[in-house]
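Here's the structure we're looking at; comments come further down.
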Amino acid sequence: MLASGAAQADPGPAPPAAETAADAALAAPATPMPASTTRSFSTDRPTKSYVPYTVDQGHFQYETDLAVYAVARQDGADIRTWTIVDPTLKLGLTHAIDIEVQATPFEGAVIRTGSRRSAVSGCSDSVVRLKINLIGNDGGTLAIAVMPYVKVPTARSALGNGAVEGGLITPISIALPQAFTLVLSPEIDELHNAQARGYHRSANILANLSHPVGKRWTLYAEAFATRSFERGDSRVYTLDTAVAWAITPRLQWDAGANFKLGGVVPAAQIYTGLSQRF
């Protein structure tokens, strides 16, 4: 016990309340991070690219197409497809890991061959992903993540192949001069063969360049290529464009269009969507 009047060490100023709360949240996985310490809102929309940033620990985020419409011509048939709402639901598990579940409750297609017409609609397949950030989650010039995923065959037979499939995506984001951002998303997939039993590899690569316009708008341009290693498959190339509007710091609207450059893929696809973090 200190004698009366003895000097005591100055504990210094107390840490800010938000910092203390954030430290406590990090020590307990799935405990929500305080709103004042969360990262800037980021999404895997629009376009086909994925970003390497995870949803903050304990927070929930949805990203969904509101509507998608595509036109294609294949083997002499005119094909029209559409999707109405296909949400991806995300939950931040830790500071650097989130889990994501994508479901498509309604998808439809109309196929016309001469005077013949057929149509199919229903639930499509579901996808479960785990995003693990390796570097740059809290800022910096470079950010990298890995995203293993599994496709669950929940679609009716006419809309899916009835097989479990999976792969690994590696989103990479690079901050460029003049506020440009380059996103690369190399991907390796293990897909079920269309013409025979067994599986084959498929490889995707894309380059996405984005730039803000004012405080709330962002423009995107993207080149996408995929190569299937199943015999008889052709390579696919598309050019994609999109725009996003930050309605609030945690709510985003977007719209975009994808155009065929080569391969068996829709000639054009248009979409609009919405994302929000809680």
Side-chain angles (χ1 to χ4, degrees), residues 44-45 48-50 62-91 99-113 116-131 146-170 185-206 224-238 258 260 262-269 271 273:
D44 291 320
R45 298 186 57 88
K48 301 183 181 77
S49 64
Y50 295 91
Y62 72 81
E63 303 172 16
T64 184
D65 285 310
L66 297 176
V68 183
Y69 181 74
V71 295
R73 185 167 180 81
Q74 182 179 345
D75 299 329
D78 290 317
I79 305 172
R80 303 288 186 270
T81 62
W82 64 92
T83 301
I84 305 297
V85 184
D86 61 345
T88 295
L89 308 178
K90 301 182 176 183
L91 176 65
I99 187 169
E100 310 175 359
V101 178
Q102 179 180 359
T104 304
F106 184 82
E107 184 176 55
V110 173
I111 303 170
R112 296 180 183 273
T113 307
R116 298 181 59 185
R117 178 186 181 277
S118 61
V120 62
S121 63
C123 176
S124 189
D125 291 324
S126 303
V127 181
V128 180
R129 306 182 190 92
L130 196 67
K131 184 183 290 187
V146 291
M147 294 179 64
Y149 79 89
V150 174
K151 187 209 78 175
V152 182
T154 54
R156 57 181 301 183
S157 60
L159 294 173
N161 61 8
V164 175
E165 299 173 330
L168 180 68
I169 308 165
T170 307
S185 292
E187 176 178 345
I188 295 292
D189 304 314
E190 192 75 9
L191 305 180
H192 194 270
N193 294 331
Q195 305 299 331
R197 294 182 179 180
Y199 287 76
H200 66 276
R201 290 280 168 81
S202 177
N204 302 341
I205 184 65
L206 65 80
F224 171 84
T226 183
R227 167 70 187 277
S228 169
F229 294 95
E230 184 177 14
R231 179 174 296 182
D233 279 0
S234 62
R235 300 182 183 185
V236 169
Y237 304 97
T238 68
N258 306 328
K260 171 183 175 178
V264 181
V265 66
Q269 181 185 61
Y271 61 87

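Since we're looking at a predicted model, the values are computed, not measured. Index from 1, following the sequence.
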Sequence neighbours left out, what passes side-chain hydrogen bond (donor to acceptor under 3.5 Å, both in side chains) with R73? Give chain and number order.
D78

Tell me, please, which residues at least two apart from S124 pass side-chain hydrogen bond (donor to acceptor under 3.5 Å, both in side chains).
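Scan of S124 (side-chain hydrogen bond (donor to acceptor under 3.5 Å, both in side chains), adjacent residues dropped) gives E107.
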
Side chains of [X] and [Y] in contact at under 4.5 Å (non-hydrogen atoms):
X	Y	answer
N204	S202	yes
I169	Y149	yes
R231	Q195	no
Q74	I79	yes
R129	Y50	yes
Q102	D86	yes

If you compare all heavy atoms of [X] against all heavy atoms of [Y], which two are closest, and at what distance to 0.1 Å?
X	Y	answer
P105	A103	CD-O, 3.6 Å
I188	A203	CD1-CB, 3.8 Å
D125	P153	OD1-CA, 3.2 Å
A109	T81	CB-CG2, 3.8 Å

Determine the interplanar angle of the W82 and F106 rings, folded into 0 to 90°, and report it as parallel if under 30°, tilted if 30 to 60°, perpendicular if over 60°.
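Rings of W82 and F106: tilted, as their planes differ by 30° to 60°.
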
From D65, T88, T64, residue fulfilling side-chain hydrogen bond (donor to acceptor under 3.5 Å, both in side chains) relative to R45
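For R45, the side-chain hydrogen bond (donor to acceptor under 3.5 Å, both in side chains) check succeeds only for D65.
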
Take a 6.0 Å sphere around CZ of R80 and say whether it holds more than 12 heavy atoms from other residues, nucleotides or ligands.
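Yes, the 6.0 Å shell around CZ holds more than 12 heavy atoms from other groups.
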
Check the pair V101, K90 against side chain to side chain contact (heavy atoms under 4.5 Å, CB included), reporting the backbone distance first and the verdict last.
CA-CA 7 Å; V101 178; K90 301 182 176 183; over 6 Å; no

Stepwise, does the side-chain hydrogen bond (donor to acceptor under 3.5 Å, both in side chains) test hold for T154 with S126?
CA-CA 6 Å; T154 54; S126 303; 3.1 Å; yes

Under the criterion salt bridge (charged side-chain N to carboxylate O under 4.0 Å, His left out), I'd like the reasoning laid out for K131 against D44: C-alpha separation, chi angles, the key distance, then a yes or no.
CA-CA 11 Å; K131 184 183 290 187; D44 291 320; 3.1 Å; yes

How would you list, by chain and number, every residue that makes a side chain to side chain contact (heavy atoms under 4.5 Å, CB included) with A194, sequence neighbours excluded?
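Partners of A194 under the side chain to side chain contact (heavy atoms under 4.5 Å, CB included) test: E230.
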
For K48, what residues pass the side chain to side chain contact (heavy atoms under 4.5 Å, CB included) criterion, not counting sequence neighbours?
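So K48 forms a side chain to side chain contact (heavy atoms under 4.5 Å, CB included) with L206, E222, F224, T238, D240, N258.
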
Can you check side chain to side chain contact (heavy atoms under 4.5 Å, CB included) on S234 and V264, steps first, answer last?
CA-CA 7 Å; S234 62; V264 181; 3.9 Å; yes

Near-ring test H200/F229, centroid separation under 6.0 angstrom
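No, too far apart.
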
Could you note down all residue pairs passing salt bridge (Lys or Arg N to Asp or Glu O under 4.0 Å) where residues 152-166 supplies at least one of them, sequence neighbours left out?
K151-E165

Can you run down the salt bridge (Lys or Arg N to Asp or Glu O under 4.0 Å) pairs that involve residues 187-200, sequence neighbours left out, and say none if there aren't any?
E190-R201

Are V265 and Y237 close enough, and set up right, to give a side chain to side chain contact (heavy atoms under 4.5 Å, CB included), and what steps lead you there?
CA-CA 8 Å; V265 66; Y237 304 97; over 6 Å; no

With rounding to the nearest 0.5 Å, note down the distance linking OG in S121 to CD1 in I84.
11.0 Å

Are I111 and T113 close enough, and set up right, to give a side chain to side chain contact (heavy atoms under 4.5 Å, CB included), and what steps lead you there?
CA-CA 7 Å; I111 303 170; T113 307; 4.3 Å; yes

